[in-house]
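A quick note: this is a predicted structure, and the numbers were derived from the prediction, not measured.
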Amino acid sequence: MAFTPVQKLSITSGMAMALLGSAGVVAYLSTSQLMDAQAAAAITNANIARLDRVLVRSADAEGAARRYVETMGAGSLALLDSAQNDVEYALDSIRVVSEDHPVQRRYLDTLGPIVGARFRDLRQAAIARRLATRDSATKLLAALPKAPGPERLLADMRAEEVRVLGERSRLMANSARTSRVFIVGGSLFAFLLALVALQPLRGSVERRITQRLTQVPADPDDSQ
């Protein structure tokens, strides 16, 4: 079945518009995926910072308890309170954003009691120093459990967050690469289809232009 020039123009123009529309849809979906991946990566980075803060502030708390045992300074107790609040807030924040991360949830279920026990022991040492003697408080500090301590679990949790961040970064890169190839390729193909669609009109346009260029203008003197 032979198509007329108008039919060919309609078909190729429709195909070009469909390709451009598909490229637009892919661009929209890709942008949405990139935004979701970026948001997830931001959460992962925030979790890494929180885990680092738990490690640092736990060390601050232990140092404050030891200074209190030595000096009984009120500032050391204030630092212990502040460190505990920071640690608890960081762990609660990680738990909130880890609802869909079963690995981290298991780590948190193990880490929470260990951190809680560590702060309880530090406070017992401070109480012993205030109510008893420095020797008794020092013995309590010396008896603090070294393993399994929070440091190993925090390191494992941080490694898991880094792994997730790497996966999300690769997802963003692959999504951007695939979308770029489809959008550029689809746009170029649509442009070629548009050129093909105009071919049936080329002869007619050329004839009209040639006729206009070859027309001899009327001599004004001839009309007199």
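- Of the inter-residue distances, the one linking L91 atom CG with R50 atom CZ reads 10.5 Å to the nearest 0.5 angstrom.
- A heavy-atom distance below 4.5 Å is not found between the side chains of E151 and I114.
- A heavy-atom distance below 4.5 Å is found between the side chains of R168 and V164.
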Donor-acceptor contacts, no H, no angles, side chain residues 106-113, under 3.5 Å, sequence neighbours left out:
from: D109; atom 1: OD1; to: R95; atom 2: NH1; distance (Å): 3.3
from: T110; atom 1: OG1; to: R106; atom 2: O; distance (Å): 3.2

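- Taking hydrophobic clusters as Ile, Leu, Val, Met, Phe, Trp and Tyr residues chained together by side-chain heavy-atom distances below 4.5 Å, L55 shares a cluster with I94.
- V103 and V162 end up in different hydrophobic clusters when Ile, Leu, Val, Met, Phe, Trp and Tyr side chains are linked at under 4.5 Å.
- The two atoms that bring F119 and A61 nearest to each other are CE2-CB, 3.3 Å, heavy atoms only.
- A distance of 11.0 Å separates CZ of R163 from CG of L165, quoted to the nearest 0.5 Å.
- Within 6.0 Å of CZ on R105 lie more than 12 heavy atoms contributed by other residues, nucleotides or ligands.
- When all heavy atoms are compared, the tightest approach of R129 to Y68 is CG-O, 4.0 Å.
- When atom types are taken as modelled, the side chain of S82 and the backbone of A78 share no donor-acceptor pair closer than 3.5 angstrom.
- Atom CG of L77 is separated from atom CZ of R130 by 7.0 Å, given to the nearest 0.5 angstrom.
- Salt-bridge annotation for R158 and E161: absent, with no side-chain N of the basic residue lying under 4.0 Å from a carboxylate O of the acidic one.
- A continuous path of ILVMFWY side-chain contacts below 4.5 Å connects L51 to L153, so both sit in one hydrophobic cluster.
- Shown here for A125 and A137, the closest heavy-atom pair between the two residues is O-CB, 3.3 Å.
- Under the 4.5 Å side-chain heavy-atom criterion for ILVMFWY residues, no single connected hydrophobic cluster contains both V56 and L80.
- Here D81 pairs with R123 in a salt bridge; the nearest charged N to carboxylate O distance falls below 4.0 Å.
- The line from CZ of R134 to OG1 of T71 is 10.0 Å long, rounded to the nearest 0.5 Å.
- Two residues are said to be in side-chain contact when any heavy atoms from C-beta on lie closer than 4.5 Å; L79 and R57 meet this criterion.
- Here the side chains of V87 and R118 are not in contact, with every heavy-atom distance at 4.5 Å or above.
- How far CD of Q104 is from OG1 of T44: 9.0 Å, rounded to the nearest 0.5 Å.
- At distances below 3.5 Å, not a single donor-acceptor pair connects side-chain atoms of E62 with backbone N or O atoms of L122.
- Hydrophobic cluster membership of L131, counting Ile, Leu, Val, Met, Phe, Trp and Tyr whose side-chain heavy atoms lie under 4.5 Å apart directly or via other members: I127.
- Separation of atoms CZ (R53) and OG (S58) is listed at 11.0 Å; rounding is to 0.5 Å.
- For the pair D121 and L140, the minimum side-chain heavy-atom distance is 4.5 Å or more.
- Checking side-chain atoms of S76 against main-chain N and O of M72 turns up no donor-acceptor pair under 3.5 Å.
- Here the side chains of L141 and R66 are in contact, with some heavy-atom distance below 4.5 Å.
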